[in-house]
Amino acid sequence: MRVYLDNNATTMVAPEVVSEMEPYFSQKYGNPNSLHDFGRETHPGIQRAIDRIYTAINANDEDDIIITSCATESNNWVLKSVWVDKILNGDKNHIITTEVEHPSVLATCKFLESQGVKVTYLPVNHEGVVEAHIVNSFITNKTALVSVMWANNETGMIFPVKEIAEICRENGVLFHTDAVQAVGKIKVDVNEVKPDFMSMSAHKFHGPKGVGALYIKDSQALSPLLNGGEHMGGRRSGTLNVPYIVGMGKAIELATQNLEETTAKIRKLRDKLEDALLEIPDTFVVGSRDNRTPNTLLISIKGVEGEGMLWDLNRYGIGASTGSACASEDLEANTVMVAIGEDPELAHTGIRLSLSRYTTEEEIDYTIEHFKKAVDRLRNISSSYAKVAPTPGGEAAECHIPQHA
Ligand SMILES: Cc1ncc(COP(=O)(O)O)c(C=O)c1O
């Protein structure tokens, strides 16, 4: 049996999404900027996709939704353009973010620091969440932007973005939220939360990889990241990736309609898995269930190295994640568990399991059984061996691609 429990990294493209995309590869393949019919016949599909995104996040007509190539681009765009607009060409010098953002925010902040920008990385509490009042205490009259994620990719913990947005508004500071792990998992209503900017990525909600979006409240000014043609009203240049845009539109519609019903089913399965795995002695799950996305579970198993566990699960056909970055020579700890202040040894034991609307009860039962077997095996062998537990092919466990997804 193969069980995919790494849906926070990416998701299966929904079959309905694939069928809506298909005609745009081989029939309606014109460049949307061309004046002839080949170009123009792509317009209704693009418009429908953008309308679906507006509806899914409850955006207003005055707001902008700009298609990007991914959420990494959306995050880079906001941070770098606020730097240009408000710091280089303004009188601000400060950006606030958190210690547990996705690397597309953290690495961009590091780059901005190298350019002289002052960046504050807010700490998280024992649940892995930034408390709103802390944001307030770090804002100064030099703060240009606060960037805090809506939900964390490792733990699924949901951040108090509505309160943070309000604090930013009161202080005249722009607020950006990375909602990649929130869209399609919990209600994301920009009219209620009122962020200035919000990043999204299609492949996290059963759309294709390589397409994302940036929501911009009231279509406010933000220098383009990509200069070139007049695509997307001059806000983001590059020939539109029509099939992927169409796919993202269908995917967000599917992911957000009947949200409560769908997530109730996912939550039930996640809770069943969590309860069963917590029966294993010396385990704990990061963050309380009530404030977590319904599909996510980051579990620590004392004495069991995360990478070793990942490869044992892989041998049973179960795809999970350690949530840590794999450096070439060393195994790194889970960054969120480190930020929470977990013992460094425990921070090496995190395993993230993330479900989707396609996860079945049979798969969860299979995972419970084989997860327990893997823990027994790894606890019965030396911890040094656990670090290089054999892969299905017999090679030592190696990770060439960082797992920050
Ligand atoms: C919270 C978060 N932000 C940003 C990203 C980057 O998204 P993308 O793969 O679209 O660049 C991811 C996933 O990798 C993520 O989990």
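All values below come from the heavy atoms of this structure, side chains included, with hydrogens, waters and symmetry mates left out. Ligands are counted one by one from 1 in listed order, and the atoms in each one are counted from 1 as well.
- If you number the atoms of ligand 1 from 1 as listed, the ones under 4.0 Å from a heavy atom of His203 come out as 8 (P), 9 (O), 10 (O).
- Note on ligand 1: Lys209 sits outside its first shell, no heavy atom being nearer than 4.0 Å.
- Near Gln181, meaning under 4.0 Å from one of its heavy atoms, ligand 1 places the atoms 1 (C), 15 (C), 16 (O).
- For Ser199 and Asp178, the side-chain atoms include no donor-acceptor pair closer than 3.5 Å.
- Near Asn153, meaning under 4.0 Å from any of its heavy atoms, are these atoms of ligand 1: 1 (C), 16 (O).
- One finds no salt bridge joining Lys142 and Asp91 here, because no Lys/Arg side-chain nitrogen approaches an Asp/Glu carboxylate oxygen to under 4.0 Å.
- Between Ala71 and ligand 1, an N or O atom pair is found at a separation short of 3.5 Å.
- From Glu20, atom CD reaches atom CG of Leu254 across 8.0 Å, with rounding to the nearest 0.5 Å.
- Interface of Lys204 with ligand 1, defined as ligand atoms under 4.0 Å from a residue heavy atom, comprises 12 (C), 13 (C), 14 (O), 16 (O).
- Screening residues 274-296 for salt bridge (charged side-chain N to carboxylate O under 4.0 Å, His left out) gives Arg270-Glu274, Asp271-Arg289, Glu274-Arg289, Glu274-Arg292, Asp275-Arg289, Glu279-Lys372 as the qualifying pairs, with residues at least two apart or on separate chains.
- Between Ser104 and ligand 1, not a single N/O pair is under 3.5 Å apart.
- Between Arg48 and Asp51 there is no salt bridge, since no side-chain N of the basic residue sits under 4.0 Å from a carboxylate O of the acidic one.
- If you number the atoms of ligand 1 from 1 as listed, the ones under 4.0 Å from a heavy atom of Val180 come out as 2 (C), 3 (N), 4 (C), 12 (C), 15 (C), 16 (O).
- Applying the salt bridge (Lys or Arg N to Asp or Glu O under 4.0 Å) test to Lys187 and every residue at least two apart in sequence or in another chain returns Glu192.
- Checking only distances, Asn8 never comes within under 3.5 Å of ligand 1, N or O to N or O.
- Of all the heavy atoms of Thr72, the ones lying under 4.0 Å from any atom of ligand 1 are found in both the backbone and the side chain.
- If you look at Glu73 next to ligand 1, there are no close heavy atoms at all, none under 4.0 Å.
- Salt-bridge formation is detected for the pair Arg52/Glu253: a Lys NZ or Arg NE/NH1/NH2 atom is positioned less than 4.0 Å from an Asp or Glu carboxylate oxygen.
- Near Cys70, meaning under 4.0 Å from one of its heavy atoms, ligand 1 places the atoms 8 (P), 10 (O), 11 (O).
- No side-chain donor-acceptor contact under 3.5 Å links Ser356 and Thr11.
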